[in-house]
Protein chains: 2
Amino acid sequence: MILEKSDEFFMLEALKEAQKAFDLDEVPIGAVIVSDGQIIARAHNLTEQLNDVTAHAEMQAFTSAAEHLGGKYLKDCTLYVTIEPCVMCSGASYWAQLKCIVYGAKDEKRGVSKLGVNLFHQKTIVTSGLLEEECAKLMQGFFHKKRSK
Amino acid sequence: MILEKSDEFFMLEALKEAQKAFDLDEVPIGAVIVSDGQIIARAHNLTEQLNDVTAHAEMQAFTSAAEHLGGKYLKDCTLYVTIEPCVMCSGASYWAQLKCIVYGAKDEKRGVSKLGVNLFHQKTIVTSGLLEEECAKLMQGFFHKKRSK
């Protein structure tokens, strides 16, 4: 019997990516992309290291997943990301036509849900709140560390 | 006497980039980024060539301009782009905090102005309609060519 890897398993992998960002003094957001039950891309925020505002975890993961699949659409893929996507990443997910997006904690300042318009593709199923506390905790720890410097 | 290069001059450069995309059978959108009167980045849409939905002209130009300047914010820069930015590129311009965005023709299907919410940074001045006809014409020519294939 083959057990299916659960949503929680994949979000824990995204959290491992977020921890890598934290350790690099980057805003700790991590992402994995899953196709057919397998992780095909993983990334963490690298905007400071790469000196590039476009280097969000999700953006890198989209590029990497498309490279892996050999096609730019991610219609059968699920993105697991620790924090709610921003406008840029939601817009990119629209173009990639993701099947599902699962995110952990809301981004009260820059998350798209605050806008009141749906920026995701109409076919993308969006779920939130998975391991919310763990995902948020890493962010809170990061900004607490920043403020106390 | 040193003449200032005009907005039109820079949009014509963006159009040259769009033509390069056209010649590669890419959706013909081009962009340049100007800082202190000089072009510091230029790019054209490469989503097909790179097999990557994030490879819009603007996104590549942001990355390239930041690399040139050695800082990820583009607060003193103007983006000239032939077609109205999409959600993804507008979101990226928010993070980059561009000073100005000048675009040629509206994108009736995927442009951000249709959404009725401002996705640009509150400090970014957005102007549209520069060489609108020329910018739109290249797009129309591209889609006409596609349909007649």
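Every value quoted in this text rests on a predicted model; they were computed, and no experiment measured them. Reminder, nothing fancy here: chain letters follow the sequence lines and each chain counts from 1.
Evaluated for a side-chain contact (heavy atoms from CB on, under 4.5 Å) with A/Trp95, the options B/Thr47, B/Asp52, B/Val53 yield exactly one hit, B/Val53.
Note that OG of A/Ser93 is 10.5 Å distant from CE of B/Met88, once rounded to the nearest 0.5 Å.
For the options B/Glu48, B/Arg110, B/Glu67, heavy-atom pairs under 4.5 Å to chain A are most numerous at B/Arg110. Ranked by heavy-atom pairs under 4.5 Å with chain A, the first of B/Ala66, B/Gly71, B/Ala55 is B/Gly71.
B/Val117 approaches A/Leu115 most closely through the heavy-atom pair CG1-O, 4.3 Å. Across every non-hydrogen atom of B/Met59 and A/Met59, the tightest pair is CE-CE, 3.4 Å. Of all heavy-atom pairs spanning B/Thr54 and A/Ala92, the tightest one is CG2-CB, 4.3 Å.
Only the side chain of A/Leu119 has a heavy atom closer than 4.5 Å to any heavy atom of chain B.
Linking Ile, Leu, Val, Met, Phe, Trp and Tyr residues whenever their side-chain heavy atoms come within less than 4.5 Å places B/Leu15 and B/Ile39 in a single cluster. Transitive grouping of hydrophobic side chains (ILVMFWY, heavy atoms separated by less than 4.5 Å) keeps B/Met139 and B/Leu24 in distinct clusters. A/Leu46 and A/Val27 fall into different hydrophobic clusters, defined by Ile, Leu, Val, Met, Phe, Trp and Tyr side-chain heavy atoms under 4.5 Å apart, directly or through other members.
Taking a 6.0 Å sphere around NZ of B/Lys20, one finds it holds more than 12 heavy atoms contributed by other residues, nucleotides or ligands. At most 12 non-hydrogen atoms from other residues, nucleotides or ligands lie less than 6.0 angstrom from CG of A/Asp76. For NZ of A/Lys123, the number of neighbouring non-hydrogen atoms (other residues, nucleotides, ligands) closer than 6.0 Å is 12 at most.
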